[in-house]
Protein chains: 2
Amino acid sequence: MKRPTIADVARRAGVSKGAVSYALNGQPGVSEATRQRILAIAAEIGFSPSSAARALSGATANAVGLALCRPARILGIEPFFMELISGVEAELSARSYALTLQVVADQEAEIAVYRRWWAERRVDGVFVCDLRTDDRRIPALEELQLPAVVIGGPGHTGSLTSVWSDDAAALVETVEYLVALGHRRIARVGGLPSLLHTEIRTDAFGEVCRRLGLDEAATVWSDYTGEEGARATRRLLSSANRPTAVIYDNDVMAIAGLSVAQEMGLAVPGDLSIVAWDDSPLCQLVHPPLTALGRDIPAYGAHAARQLLAVIAGEPVTGLQDETAHLTPRGSTAPPRRG
Amino acid sequence: MKRPTIADVARRAGVSKGAVSYALNGQPGVSEATRQRILAIAAEIGFSPSSAARALSGATANAVGLALCRPARILGIEPFFMELISGVEAELSARSYALTLQVVADQEAEIAVYRRWWAERRVDGVFVCDLRTDDRRIPALEELQLPAVVIGGPGHTGSLTSVWSDDAAALVETVEYLVALGHRRIARVGGLPSLLHTEIRTDAFGEVCRRLGLDEAATVWSDYTGEEGARATRRLLSSANRPTAVIYDNDVMAIAGLSVAQEMGLAVPGDLSIVAWDDSPLCQLVHPPLTALGRDIPAYGAHAARQLLAVIAGEPVTGLQDETAHLTPRGSTAPPRRG
DNA sequence: CTGAAAGCGCTTACAG
DNA sequence: CTGAAAGCGCTTACAG
């Protein structure tokens, strides 16, 4: 089957190729009657303009890029990324933009991908995930002048627009809730310490514990996998003065932690309260269901997509603070058992 | 920053644009010394050929497409797709191919996306997931003559190449294992009945149960969510002659089923054995860890990508039977308690 | 409101 | 082995 071109449409409509282009792109230069006739013919013969020809003649690529820097097993197990992608994609395809995805090994590889995409004119802009403090991707993108939206923050985004959520506030709310239940020894199993949002949570955790005069507020580090989450939990629960509540930086580690508690003969929530960050459906699959900090991740992705399209269009954008995660209490939190 | 073009490289090297093109694409027509000099200059000034210009001048788009037809909440919770994408992407980026992703609402929308991609010359080929019997996407792709690889089967793929795994054999192995443990009443919580692989498993299940002379082998349908998996399990466990073992068509439903058993006061594996299909890390997060049918999903994706690139290159391809899922016994299966 | 033409940045026959 | 040129399919000033 031969692909129809703009010349085919022009011939059938008895107009010039220029007229077809104007009609398709909603530009002035053709009468309304002609425009309608051209659109009808285009639809009839299944014509869509070649994205290559369009990109080459100075218009946009109509595609944006997302590079993911996580190993396969983590990408798979964390619902976060796929939900984010779903939301991004819904917004993009509504505006006829394509999403180009690439998995990269590290920051250097990611920067190389941005440079290649830019040189190839393959994308009009990119999303940046997993922001770090002193992130080398920021100056690289600024230098390329490639439109970009950072999914994360606040701060550390240079001149780039960002879409973020107030993790500090969500963490404080969680600690205050646990303290209201009567907990005094609260621990946290954190995510990768090199990520900015981990640091923001860690700082907020230290601060609120100090303010409320809590005993040693330990944070142990992990990498979002169940394995490491389980190991961290074992360490915490084996200590002399074990915590009565643990906050986990993702749902997978929280579920692993629940399993460890049960294996060690501790009742949840009687002996140990558990809170998961990221309220995916996983949290309600286990027994007891997990109290969790959740927010609408597909919407977060959609907002980021909208910002990026605005940056690409040259519209003024100021960045966006998305909703703060809210706590949904379920069966895994309760007052600590006296003992 | 101005993007370098082939003309910039040619000027610096003191050769024609044609020579640069030959050098970059490994074509004869330039001496080895000239080729090396051109490549060095291209690397130095960060030149990558415009994908648009390249696609327009008859070469390939260097991109392939994947359309996913599942709602966001299911895409997020099932590790399968993200693992598949990771594997696909690893193979593609090693060959400098981009992956274009789109989420669609239904088969009609998916076919429309294929038509648009084809008309736009945006992709050189596509992957087809979630094959159905009498799948309308197959004739549509055949008509477009758009290179495609079906991830699924066997059979029902028309003239398209496919990469598949023998689900029937894996199911038979599982049932035989449960029977060897002493189970006689085995049930199954199936996935969406409209999908071909569900049908293949259902047929195999019915057949092996008949062959082994098992009592009524019930399959109840679900949709891969924990919610529906839990509901199906409650129905099964409330029946007069409840099963002593249940096979679930994905890990999420199996975990939900485990939770329901515990909520109903049944011991796993004492009162109920559970087997999950898809052995994601989730299976080892719960207590007891789930016996599961697993295989290497990223590798499956990589194999599919290799097949698609071969089809695009016009090489002869015969399709590929991937490894059969193998059973990993863990704590959720045991002989049924006498009673 | 419409048409003819240049140009985007490559690839690839076609001469030398 | 190398260079000059046509052509891919669009968009967009520029004349009419």
Side-chain angles (χ1 to χ4, degrees), chain A residues 2-39 41-42 45-63 96 116-124 313, chain B residues 2-39 41-42 45-63 96 116-124 313:
Chain A
K2 174 120 176 46
R3 292 179 173 89
T5 70
I6 198 169
D8 298 322
V9 179
R11 200 177 315 113
R12 287 225 196 191
V15 298
S16 69
K17 293 191 298 175
V20 175
S21 177
Y22 291 139
L24 259 58
N25 295 312
Q27 303 281 353
V30 285
S31 68
E32 192 50 35
T34 309
R35 185 192 306 280
Q36 291 305 332
R37 195 158 49 85
I38 290 173
L39 290 178
I41 291 171
I45 68 176
F47 171 75
S48 293
S50 154
S51 56
R54 193 172 239 180
L56 190 54
S57 51
T60 59
N62 274 298
S96 298
R116 187 165 49 73
W117 278 347
W118 171 82
E120 292 180 343
R121 295 153 177 74
R122 203 182 262 284
V123 300
D124 299 321
Chain B
K2 175 122 177 41
R3 292 178 172 90
T5 70
I6 198 169
D8 298 322
V9 179
R11 200 178 313 115
R12 288 225 196 192
V15 298
S16 70
K17 293 190 298 175
V20 176
S21 177
Y22 291 140
L24 260 58
N25 296 312
Q27 303 280 353
V30 286
S31 68
E32 192 50 34
T34 309
R35 186 191 304 281
Q36 291 306 332
R37 196 158 48 85
I38 290 172
L39 290 178
I41 290 170
I45 68 175
F47 170 75
S48 293
S50 155
S51 56
R54 193 172 240 180
L56 190 54
S57 51
T60 59
N62 274 298
S96 298
R116 187 164 49 73
W117 279 347
W118 170 82
E120 291 181 343
R121 297 150 175 75
R122 203 182 261 285
V123 300
D124 299 321

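Order of the sequence lines fixes the chain letters, A, B, ..., with proteins taken first and strands second; residue numbering starts at 1 for each chain. Since the model is a prediction, treat every value here as computed from it, not as a measurement.
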| message | Under 4.0 Å, heavy atoms only, any strand: does B:S31 hit a base, just the sugar-phosphate, or nothing? | response | sugar-phosphate
- Message: side chain to side chain contact (heavy atoms under 4.5 Å, CB included) for A:V123 and A:W118? Distances and angles first, verdict last.
- Response: CA-CA 7 Å; A:V123 300; A:W118 171 82; over 6 Å; no
Non-hydrogen side-chain atoms of B:I6 and B:S21 separated by less than 4.5 Å: yes
Next on the checklist: Closer than 3.5 angstrom, by distance alone: can the side chain of B:R37 be matched with the main-chain N or O of B:A13 as a donor-acceptor pair?
Outcome noted: yes
Contacts of B:R35 meeting salt bridge (charged side-chain N to carboxylate O under 4.0 Å, His left out) (sequence neighbours excluded), chain-then-number -> B:E32
Letter by letter from the 5' end, nucleotides 6-16 of chain C scores (B base, S sugar-phosphate only, - none; protein heavy atoms under 4.0 Å) -BBBBBBB---
Sorted by chain and number, sequence neighbours left out, salt bridge (charged side-chain N to carboxylate O under 4.0 Å, His left out) with A:R12 holds for A:E44
From the list B:I38, B:L39, B:I41, side chain to side chain contact (heavy atoms under 4.5 Å, CB included) with B:V20 holds only for B:I38
Contacts of B:D124 meeting salt bridge (charged side-chain N to carboxylate O under 4.0 Å, His left out) (sequence neighbours excluded), chain-then-number -> none
Per-residue pairing states of DNA chain C in dot-bracket (Watson-Crick or G-U under 3.5 Å; . unpaired, | other strand) read |||.||||||||.|||
Please tabulate, for side-chain N and O atoms in residues 49-60 of chain B, each donor-acceptor pair with protein atoms closer than 3.5 Å (sequence neighbours left out).
from  : atom 1 : to     : atom 2 : distance (Å)
B:S50 : OG     : B:A52  : N      : 3.3
B:S50 : OG     : B:A53  : N      : 3.0
B:S51 : OG     : A:E120 : O      : 3.0
B:R54 : NH2    : B:N25  : OD1    : 2.7
B:S57 : OG     : B:A53  : O      : 2.9
B:S57 : OG     : B:R54  : O      : 3.3

